[in-house]
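Here's the structure, in structure tokens; my notes come after.
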Protein chains: 2
Amino acid sequence: MKGKDAEADWHGFASCEDCGIRDLVLFADLDGQDLETIHLPIEDIHLAPGASLYGAGQEAVALYTVREGLLKQEQYLPDGTLRIVSLLRRGDVAGLEALVAAEYEHTTVALQPAKVCRLPKELVSRLSPKLHRQLMNKWNGAVQRSHECTRELSTGTARQRVARLFLILAAADSASCRLFSREDMGGLLGITTQTASRIVAEFKRQGAVHEVAPNLFERSLDALRRIAAEG
Amino acid sequence: MKGKDAEADWHGFASCEDCGIRDLVLFADLDGQDLETIHLPIEDIHLAPGASLYGAGQEAVALYTVREGLLKQEQYLPDGTLRIVSLLRRGDVAGLEALVAAEYEHTTVALQPAKVCRLPKELVSRLSPKLHRQLMNKWNGAVQRSHECTRELSTGTARQRVARLFLILAAADSASCRLFSREDMGGLLGITTQTASRIVAEFKRQGAVHEVAPNLFERSLDALRRIAAEG
DNA sequence: CGGGAGCTTGAGGAGGATCAAATCATGTGG
DNA sequence: CCACATGATTTGATCCTCCTCAAGCTCCCG
């Protein structure tokens with residue numbers, strides 16, 4: 001168990017004008033003039049793996065656009081089990097529910113080193129008409145992420161799920177792909193950490209993946225696709 | 001396999017002014033004046049169980065607000081398996097993605113007799129500013145439904161999942177609760193139809209539920225909650 | 001060097017899938 | 001009205017996957 005809550009690391013202010021992924025973020029439709037009217041500075045936050053952005057039940061005061069890295073969103077079951085219900089990546093927005101609710105629905109934690117921009121909810125509300133189109137896009141992205149988790153990562157045998165996870169991560173990182181802890185794999189795939197470990201080991205043995213550094217893998221997409229599709 | 005596609009039954013025009021669930025639907029924030037500017041009539045559609053509203057990949061031309069009943073949203077996996085990724089009920093909106101995409105993401109089918117209102121996407125786009133707040137609410141609802149499916153219905157043992165399904169349906173219908181086909185239960189819970197059948201039978205034997213008519217159940221919420229929470 | 005956290009691996013057992021067959025419900029045509 | 005076909009549900013028997021419990025292992029840090 002790790003609970004490093006304060007590792008969310010304030011890192012300075014972001015300049016929206018020359019954001020590298022301007023076309024992906026919530027502010028994509030704003031022009032230079034609009035950006036000037038934002039006198040609140042946008043905070044640039046860096047997260048180490050394991051650092052949490054916000055917790056379920058906390059007062060929802062800001063949205064976060066993901067510029068880099070990978071985050072998980074988790075919720076508790078009635079019986080106390082922790083389940084990862086969605087993954088967030090570059091271009092996604094964490095905490096959209098701040099716009100309609102008083103509290104966050106999930107705990108959101110970095111799986112890989114991440115960089116996010118913090119957007120106070122009043123700011124977004126104020127710009128809301130201009131952001132309308134992008135907000136729809138982001139909501140739609142949230143729905144798709146979540147359906148992807150049910151469809152690809154919570155269906156079929158454990159081997160299929162692990163293979164599909166590698167394939168999904170493949171889309172993110174291009175060449176090699178960084179994997180996270182076995183415990184998180186379990187929470188995401190709905191299997192135990194032991195099973196996750198066993199299957200990764202098996203994939204290594206049969207050459208579907210190759211570990212070039214601790215938790216850094218090269219993948220044989222063909223082999224993985226074969227496993228993902230049947231048995 | 002059942003593919004009754006044309007059973008979506010046009011049933012006349014709806015009158016928004018005296019909608020029984022005005023406060024729940026997308027148009028909640030519109031006033032009488034706004035409603036008059038809608039010269040397009042709103043179609044009122046009735047769906048029999050098994051009737052489909054639209055299919056994945058079809059051109060997305062309309063949104064549908066659910067006034068009554070229960071719908072499923074399903075998607076295909078790479079290997080051809082069909083998986084239910086979300087349930088929709090009274091107040092939810094089907095096909096929100098029409099606002100941002102050209103095609104529907106899911107196939108949406110009635111599980112129980114349902115009544116929906118068809119809202120052409122141009123109409124919603126035109127009213128968009130006025131609907132902004134409600135649109136956010138509906139998107140948020142879509143995300144929550146989906147997370148609920150992952151969290152409650154795709155986690156834990158088959159017994160737990162079935163018990164949680166009964167509890168979720170309990171919230172919808174008040175006294176007794178109508179269940180759908182074992183095949184759909186399987187697709188929703190990520191188990192086989194046989195297992196679904198076995199567990200429902202077991203629940204009947206041990207008195208957790210009682211079948212008063214074919215597929216109509218009374219539930220012992222306490223017993224179900226006990227099962228849902230552990231073993 | 002010793003401790004701790006995460007990862008790996010093993011043995012055993014339970015839960016669920018699979019294959020197969022019997023029962024039940026519905027509808028159709030004779 | 002009955003014989004029959006069709007499809008869903010139930011139940012049984014067997015096998016395999018994955019969970020559980022438990023022990024080693026590796027790496028890092030004090």
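In what follows, chains are A, B, ... by sequence order, proteins preceding strands, each numbered from 1.
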- B/Thr107 side-chain N/O to B/Ala56 backbone N/O, donor-acceptor pair under 3.5 Å: yes
- Message: Students often mix this up, so state it plainly: with edges at 30° and 60°, are the rings of A/His106 and B/His147 parallel, tilted or perpendicular?
- Response: perpendicular
- Rounded distance in Å - CG (B/Asp184) to P (D/dG7): 17 Å
- Atom CD of B/Glu211 and atom C1' of C/dA25 are separated, to the nearest Å, by 13 Å
- Pair assignment for DNA chain C - dot-bracket with | for other-strand partners, Watson-Crick or G-U under 3.5 Å: ||||||.||||.||||||||||||||||||
- Task: Kindly indicate whether the side chain of A/Arg198 and the base of D/dT20 share any N or O donor-acceptor pair separated by less than 3.5 Å?
- Result: yes
- Task: Would you mind reading off the distance between B/Ile191 atom CD1 and D/dT9 atom P, rounded to a whole angstrom?
- Result: 13 Å
- Message: Please verify the inter-ring angle class for A/Tyr104 with A/Tyr54; under 30° counts as parallel, over 60° as perpendicular, anything in between as tilted.
- Response: parallel
- Query: Nearest-Å distance, CE (A/Met185) to P (D/dC19)?
  - Reply: 12 Å
- Message: Looking at C/dC7, I'd like to know if its phosphate oxygens (OP1 or OP2) sit under 4.0 Å from a side-chain N or O belonging to A/Ser197.
- Response: no
- Query: Want to settle it: does B/Lys204 or A/Gly156 sit nearer the 5' end of DNA chain D, counting the closest nucleotide to each?
  - Reply: B/Lys204
- Between A/Lys72 (side chain) and A/Ile84 (backbone), is there a donor-acceptor pair under 3.5 Å? no
- Query: Given atom CD of A/Glu202 and atom P of D/dC18, what is their separation to the nearest angstrom?
  - Reply: 10 Å
- Query: So, B/Ser154 and B/Arg83: side-chain donor and acceptor under 3.5 Å apart, yes or no?
  - Reply: yes
- Sidechain-backbone polar pair: A/Arg161 side chain, A/Gly156 backbone, donor-acceptor under 3.5 Å: yes
- Message: Under 4.0 Å from OP1 or OP2 of C/dA17: is there any side-chain N or O of B/Thr195 that close?
- Response: yes
- Query: Atom CD of A/Gln194 to atom C1' of D/dC25: distance rounded to whole Å?
  - Reply: 15 Å
- Give the rounded distance in Å between these two atoms: CG of B/Asn215 and P of C/dA25. 12 Å
- Rounded to whole Å, the CZ-P distance (B/Arg182 to C/dG16) equals 17 Å
- Message: Side chains of B/Thr150 and A/Thr150 only: does a donor on one sit below 3.5 Å from an acceptor on the other?
- Response: yes
- Return the nearest nucleotide to the side chain of B/Thr157; candidates are C/dA17, C/dG16, D/dT11. C/dG16
